[in-house]
Every structure is written in structure tokens, then in C-alpha cells.
S.K.: 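Next up is a structure, given as C-alpha cells.
Only a predicted model underlies this, so the values are computations on that prediction, with no experimental measurement involved. Reckoned from all heavy atoms, side chains included, excluding hydrogens, waters and symmetry mates. Numbering of ligands and ligand atoms starts at 1, following listing order.
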Amino acid sequence: MTVETRRILIVEDEAQTRSVVEAYLEREGYWVTAVGDGERALQAFESHRYDGVVLDLNLPGLPGEEVCRRIRDVSDVPIIMLTAKGAEEERIAGLDLGADDYLVKPFSPRELVARLRDECVVLTACPLSNARLKAVERPEAHPLPQLLEAGLRVTLNSDDPA
Ligand code: CA
């Protein structure tokens with residue numbers, strides 16, 4: 001079913017959250033690297049190619065915002081932030097730094113997987129909606145021209161005229 005194994009970097013200092021997310025993503029077929037601080041996150045990011053990053057903002061040492069900024073300096077990889085409940089300023093700061101999406105703790109791992117899948121497809125294929133995701137996951141069931149047409153239409157619609 002899966003087109004290819006996607007590599008995800010998880011950056012989370014809370015061991016329990018980290019291992020739950022890691023286990024969940026691995027069960028979904030992702031290849032996962034899980035680290036507990038920003039320094040190790042950047043080291044990991046330099047040594048492997050990743051298809052997505054799950055980034056807790058509230059980290060010891062190097063703050064998540066800084067990790068986000070440094071990753072954005074070199075990559076357009078989808079970044080999903082994990083933020084504390086009610087920390088609206090954190091979220092705004094993270095989105096301003098180029099994060100693609102965020103989840104407020106406590107979050108559902110299933111929702112994280114869904115968001116991640118969405119973001120990864122948006123980056124690696126073309127801006128497809130959830131409704132078209134199935135077509136990408138099973139390309140053999142859909143002729144290429146149809147996929148291209150779907151992608152093209154969405155791309156044009158999402159073009160920012162500014
Ligand atoms: Ca944390």
C-alpha cells in the first residue's frame with residue numbers, strides 16, 4: 001500500500017509522549033528517529049533526509065522555535081509543532097517561523113498521523129486534498145493523466161496571486 005517508507009524525525013523531551021508517538025508512527029510504517037532535545041534534532045537532521053518533522057516547542061536547551069528556524073534555513077520539510085495547551089503565542093511564533101501545522105497537547109496520535117500524511121503528500125507530490133490522498137496511495141488504480149490533472153487544478157487554485 002505504502003508508496004515508500006517515509007522518514008520522520010520526532011523531537012520531544014517528554015519520554016512518554018516521545019515513545020507513544022514513535023510507536024504509533026512505526027506501526028503506521030514510518031521510519032522514525034526520536035530525540036529528546038534540539039541539539040540532537042539538528043544533528044540528526046544533518047545526517048539524514050527526512051520527510052517530516054514532529055517538533056515540540058517547549059524543549060530544554062535549544063528552544064523548539066530555534067530548531068524550527070534552523071531547519072527552515074536549509075529545508076522545506078513539513079514541520080508539525082507540538083505546543084502546550086493555551087500557548088497561543090508559541091503557536092503563532094512557530095507558524096511565523098515556517099512550521100506547517102500544529103497540534104495542541106494532549107493530542108491524539110491518530111490525528112498526528114493524519115496531519116503528517118497530509119503534509120508529506122503536499123510537499124512531495126502536489127497540493128492534494130485529503131479527498132485525493134487515496135489516489136496517490138494507490139497510483140496503480142488511477143491513470144497518470146487523472147492524477148496530473150487533479151494536482152494541476154489544485155496547484156492553480158492555491159496559487160497566491162500576491
Ligand atoms: Ca516539552
S.K.: So among K105, R18, R40, which one has a salt bridge (charged side-chain N to carboxylate O under 4.0 Å, His left out) with E12?
M.R.: K105

S.K.: Any N/O/S atom from N58 (main chain or side chain) under 3.0 Å of the Ca ion (ligand 1)?
M.R.: yes

S.K.: If you consider just the N/O/S atoms, which atom of D13 is the closest one to the Ca ion (ligand 1)?
M.R.: OD1

S.K.: Provide the atom name of the closest N, O or S atom of D56 relative to the Ca ion (ligand 1).
M.R.: OD2

S.K.: Looking at R110 and E28, does any basic side-chain N land under 4.0 Å from a carboxylate oxygen?
M.R.: no

S.K.: Would you mind checking if D100 and R72 are paired as a salt bridge, meaning a charged N to carboxylate O distance below 4.0 Å?
M.R.: yes

S.K.: Between S75 and Y50, is there a side-chain donor-acceptor contact under 3.5 Å, judged purely by atom types and distance?
M.R.: no

